[in-house]
2 protein chains.
Amino acid sequence: MLEINDAFNSDHNHDHCVSGALDNAKAICQENGQRLTPIRELVLRLVWGSHKPLGAYELLPALAEAGFNSAPPTVYRALDFLHQLGLIHKIGSLNAFVGCSNPEHPHPSAFMICTECKTAAEIETSELQASFNRVANSHGFQLEEENIELLGLCKDCLGSES
Amino acid sequence: MLEINDAFNSDHNHDHCVSGALDNAKAICQENGQRLTPIRELVLRLVWGSHKPLGAYELLPALAEAGFNSAPPTVYRALDFLHQLGLIHKIGSLNAFVGCSNPEHPHPSAFMICTECKTAAEIETSELQASFNRVANSHGFQLEEENIELLGLCKDCLGSES
DNA sequence: CAATTATTGTTATATTATAACAATACATTT
DNA sequence: AAATGTATTGTTATAATATAACAATAATTG
Ligand SMILES: [Zn+2]
Ligand SMILES: [Zn+2]
Ligand SMILES: [Zn+2]
Ligand SMILES: [Zn+2]
């Protein structure tokens, strides 16, 4: 059962993604005794504005519009906070951030990323996990974190090629 | 048969890695009608100085010492050249580059990376490939490139913990 | 040799990220 | 509520990573 979020389904109700993410964030902050301050919530909303990973500097204008300080440390602090709680992932090859679809269950960062429309869809890795563990174990490597990026063309972009 | 290079074997003869990499580079440049100029060869040697990924700016001093121009574009051009021929990989989460152990056979970038000693050991992904293809196919995704990073502690660093 | 192309040199700038410290807001104790 | 300590945000400066643009040189081709 390989699951994925709805990122590549252009018909999905994205408001559900956002409201779900906000609900998750509130619950997780609660559990961890952390505060989802206005800045943090705004940054989370902005990151969840779409399923396309956003760079830190792309968030600054919206912070300014909302009346907050919009210097880099402000947004990086919020991103670090959200990242540490597992509410967002960082896509290393893009230097960009995207919302986590399932923060209630901590898991590695694993995405299919469309190089055309830039959409990043999170992959459920439980099946892959066995393979990774086998590779690691066979070399005495203690696996602690994973960054998995599958790059290519999503269904929609394949369909609309020249 | 999961294979790996000798990166995590501290006893390995690293001169073999370097000379092999140089031989491969010369052959591949030949086949592709490209020139392994002195700058490009030096950058490749520097990247192969160890199995620890190096940032572009870490290479500049050595370029200067060797009498070359040592401005960023020089090293980025050489890195881009080597990357396009598959002679080196870029580790996205580190913004750093490491030599490819098997450039004769183009393949995705896949590494185990020790967060303690910084060594990056390339993983043979043919077994994982089936899983990745299955995930991609099941979502109509046309897989074109992969960046796989497994982070953790290598055998040696596990053994010498406090 | 002349013309063309590839490579390198050079200067400037764009992009991404963090350090350091001050000011404010929040929480806790009295 | 006032005092205290902690967490968060504001602010300025700078570090680290990467590219744009054009000039100069070297290599290749005709
Ligand atoms: Zn959505
Ligand atoms: Zn996630
Ligand atoms: Zn070696
Ligand atoms: Zn390789």
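Just so it is clear, the values below take in all heavy atoms, side chains as well, and ignore hydrogens, waters and symmetry mates. Bear in mind the structure is a predicted one, so any value in this text is a computation, not a measurement.
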Inset, instruction - Ignoring backbone atoms, test whether R40(A) places a side-chain nitrogen or oxygen under 4.0 Å from the OP1 or OP2 oxygen of dT8(D). - result: yes
Legend entry - Comparing A56(B) and F68(A) on DNA chain D - which has the more 5′ nearest nucleotide: F68(A)
Legend entry - Ring centers of F111(A), H89(A) separated by less than 6.0 Å: yes
Inset, instruction - Assign R35(A) to base, sugar-phosphate, or nothing according to its heavy-atom contacts below 4.0 angstrom with the strands shown. - result: sugar-phosphate
Protein-nucleotide distance ([X], atom [atom1]; [N], atom [atom2]), rounded to Å:
{"X": "L60(B)", "N": "dT17(D)", "atom1": "CG", "atom2": "P", "value": "11 Å"}
{"X": "I39(B)", "N": "dA24(D)", "atom1": "CD1", "atom2": "C1'", "value": "14 Å"}
{"X": "L79(B)", "N": "dT17(D)", "atom1": "CG", "atom2": "C1'", "value": "12 Å"}
{"X": "Y57(A)", "N": "dT17(D)", "atom1": "OH", "atom2": "P", "value": "14 Å"}
{"X": "N69(B)", "N": "dA26(D)", "atom1": "CG", "atom2": "C1'", "value": "15 Å"}
{"X": "Q34(A)", "N": "dT6(D)", "atom1": "CD", "atom2": "P", "value": "16 Å"}
{"X": "Y76(A)", "N": "dT17(D)", "atom1": "OH", "atom2": "P", "value": "13 Å"}

Legend entry - Minimum-distance pair of heavy atoms, taken over all atoms of G99(B) and V47(B): N-CG1, 3.3 Å
Legend entry - ILVMFWY network linking L151(A) to L143(B), side-chain heavy atoms under 4.5 angstrom: no
Legend entry - Neighbour count above 12 (heavy atom, 6.0 Å) for K155(A) NZ: no
Inset, instruction - Test C154(A) against T119(A) for side chain to side chain contact (heavy atoms under 4.5 Å, CB included), laying out the working first. - result: CA-CA 8 Å; C154(A) 76; T119(A) 296; 5.8 Å; no
Inset, instruction - Would you kindly compare N95(B) and G67(B) by the position of their nearest DNA chain C nucleotide and give the one closer to the 5′ end? - result: G67(B)
Legend entry - Where chain A begins and ends its contact with DNA chain C, read 5' to 3' at 4.0 Å from heavy atoms: dT16(C) to dC26(C)
Legend entry - Audit row: C100(B), I88(B), side chain to side chain contact (heavy atoms under 4.5 Å, CB included) steps and yes/no: CA-CA 5 Å; C100(B) 173; I88(B) 61 175; 5.8 Å; no
Inset, instruction - Apply the test side chain to side chain contact (heavy atoms under 4.5 Å, CB included) to residues I148(B) and F132(A): give CA-CA distance (whole Å), side-chain angles for both, the deciding distance (0.1 Å), then the verdict. - result: CA-CA 10 Å; I148(B) 310 299; F132(A) 293 147; 4.3 Å; yes
